[in-house]
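Have a look at the structure below before the remarks.
Note that the numbering runs from 1 along the sequence shown for the chain. None of the values given here were measured: they were computed from a predicted structure.
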Amino acid sequence: MYQMLLSLVLAIFVSFGISGCKGDEKIVVATAAEFPPFEFKEGSEFKGIDMDVSREIAKRLGKELEIKDMEFDSVVSAVSSANADFGASGLTINATRLKVVDFTESYYNANQVVIIKSDNVVLKEVGNDAEALISAIATQEGIKIGVQTGTTGAFFAKGDKDWGFTGFSNAEVKSFVNGSLAVSALVNGQVDIVILDEAPAKLISKANANTEVLPASLTQEQYGIAVKKGNKELLDSINRVLDAMQKDGTLEAIMQKYFN
């Protein structure tokens, strides 16, 4: 009888793991699904570049993907506290974030742009010259700037020593949970301009009449996938997947799917 019970217990352990569940088969990504075309929801379905890349990472690592949706400002902390295995949410690689998480190699080059109302003649005139645009914004006393909380655009507008941004001391910076709300505030006259990543800026502006994205790039950035600091095994695994996706054309196909 003892041998039978022992065999049964061992069989259960083999089937479900020592903990009694198949936790090792799951990998969790943290994201903020209000940042098209990188992450967004249609009904209950998660879509976007980062979501497709995350699914491909999970697939190639032999895992089941679980998506945890949260506010953007919580993504890095979720990864650093091990509440998620990795973060994919249009995350710019920078020294501040590298203090608490590790990043993969970059998979996308990004930049910050300015969204204006189409009747903003002053900024339109300098919109293709980044230095002139920054100067024009800096000379408008009391200008109201809309940003998404926790993003590079927010740090750029407010100023941040670690990021190397001087900010606009003349401006009132208003933070919003996502870029769409910031642009809605622009349309409604609550802010004068919005600073946001170029790809979502173009999509959101397209959906809001009488707004447009100025052509000048305020920054040059790189997006990476965040993992818990010191988790070299997972970092190396994801880097290998990203490299393979780059070489076999999968990454480019995902980009084209959403940008086209």
Side-chain angles (χ1 to χ4, degrees), residues 27-40 46 48-61 63 65 67-113 148-156 160 162-165 179 196-201 217-255 258-259:
I27 191 166
V28 180
V29 60
T31 195
E34 294 180 318
F35 194 64
F38 287 90
E39 40 271 329
F40 59 96
F46 289 91
I49 292 167
D50 284 333
M51 296 299 91
D52 283 9
V53 168
S54 297
R55 290 186 182 97
E56 193 67 22
I57 288 170
K59 175 184 173 183
R60 297 194 188 201
L61 294 181
K63 307 283 188 180
L65 183 69
I67 300 170
K68 284 190 175 181
D69 188 18
M70 59 192 69
E71 291 188 3
F72 181 80
D73 219 18
S74 300
V75 172
V76 169
S77 59
V79 175
S80 66
S81 61
N83 287 319
D85 295 300
F86 67 98
S89 197
L91 293 169
T92 297
I93 301 169
N94 91 307
T96 299
R97 289 174 178 155
L98 281 167
K99 292 177 182 177
V100 291
V101 294
D102 290 329
F103 276 102
T104 63
E105 296 297 324
S106 174
Y107 63 95
Y108 180 77
N109 294 325
N111 53 281
Q112 298 299 306
V113 294
Q148 180 177 344
T149 303
T151 61
T152 307
F155 290 111
F156 188 89
D160 189 279
D162 290 339
W163 286 71
F165 299 146
L196 195 65
D197 293 63
E198 182 180 24
S217 297
L218 302 180
T219 64
Q220 297 294 327
E221 309 157 44
Q222 293 183 318
Y223 288 171
I225 291 172
V227 302
K228 183 175 174 60
K229 199 150 193 69
N231 191 345
K232 189 174 186 304
E233 182 180 355
L234 181 58
L235 183 70
D236 291 345
S237 295
I238 295 178
N239 269 327
R240 284 193 293 270
V241 171
L242 290 175
D243 183 59
M245 290 173 65
Q246 180 72 47
K247 289 176 179 175
D248 66 24
T250 304
L251 190 57
E252 179 63 22
I254 290 172
M255 298 290 179
Y258 289 98
F259 284 125

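- Smallest separation of non-hydrogen atoms from K229 and L98: NZ-O, 2.7 Å.
- The pair D162-K99 meets the salt-bridge criterion, since a charged nitrogen lies less than 4.0 angstrom from a carboxylate oxygen.
- To the nearest 0.5 Å, atoms CZ (R60) and OG1 (T250) are separated by 4.5 Å.
- No donor-acceptor distance shorter than 3.5 angstrom exists from the side chain of N94 to the backbone of W163, with no hydrogens or angles considered.
- A salt bridge between R55 and D52 is present, with a side-chain N of the basic residue lying under 4.0 Å from a carboxylate O of the acidic one.
- Exactly one of V75, I225, T104, T151 qualifies for a side-chain contact (heavy atoms from CB on, under 4.5 Å) with L91. That residue is V75.
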Would you sort out whether S89 and F35 count as a side chain to side chain contact (heavy atoms under 4.5 Å, CB included), showing the intermediate values? CA-CA 8 Å; S89 197; F35 194 64; 5.6 Å; no
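- Judged purely by atom type and a 3.5 angstrom limit, E39 has no side-chain atom pairing as donor or acceptor with the backbone of M51.
- V241 places none of its side-chain heavy atoms less than 4.5 Å from the side chain of V53.
- The distance from atom CZ of F46 to atom CG of D69, rounded to the nearest 0.5 Å, is 4.5 Å.
- Within the 4.5 Å cutoff, no side-chain heavy atoms of E71 are placed close to those of T149.
- Using a distance-only test at 3.5 Å, with no hydrogens or angles considered, no donor-acceptor pair links the side chain of N111 to the main chain of E198.
- Inter-residue side-chain proximity for T92 and F103 is flagged as unmet; no heavy-atom pair is nearer than 4.5 Å.
- Atom OG1 of residue T152 and atom CG of residue L196 lie 10.0 Å apart, to the nearest 0.5 angstrom.
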Please test Y223 against D197 for side chain to side chain contact (heavy atoms under 4.5 Å, CB included), starting from the C-alpha separation and ending with a verdict. CA-CA 11 Å; Y223 288 171; D197 293 63; 2.3 Å; yes
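- Of all non-hydrogen atoms in T219 and Q112, the two that sit nearest each other are OG1-N, 3.0 Å.
- When all heavy atoms are compared, the tightest approach of Q148 to G179 is OE1-N, 3.4 Å.
- When every heavy atom of V29 is checked against every heavy atom of A84, the shortest pair comes out as C-CB, 4.3 Å.
- Distance CD1/I57 to CG/L65: 9.0 Å, rounded to 0.5 Å.
- Looking at T31, its side chain does come within 3.5 Å of a backbone N or O of A88 through a donor-acceptor pair.
- Scanning all heavy atoms of the two residues, the minimum distance from R97 to G150 falls at NH2-O, 3.0 Å.
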Steps toward side chain to side chain contact (heavy atoms under 4.5 Å, CB included) verdict (L242, E105): CA-CA 8 Å; L242 290 175; E105 296 297 324; 5.7 Å; no
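- Across all their heavy atoms, F259 and F38 have their closest contact at CZ-CZ, 4.3 Å.
- Checking side-chain atoms of K68 against main-chain N and O of A78 turns up no donor-acceptor pair under 3.5 Å.
- Looking only at distances, a side-chain donor or acceptor of D102 sits under 3.5 Å from a matching main-chain atom of G230.
- A donor-acceptor pair is defined here as one N or O able to donate and one able to accept, closer than 3.5 Å; such a pair exists between the side chain of S106 and the backbone of Y108.
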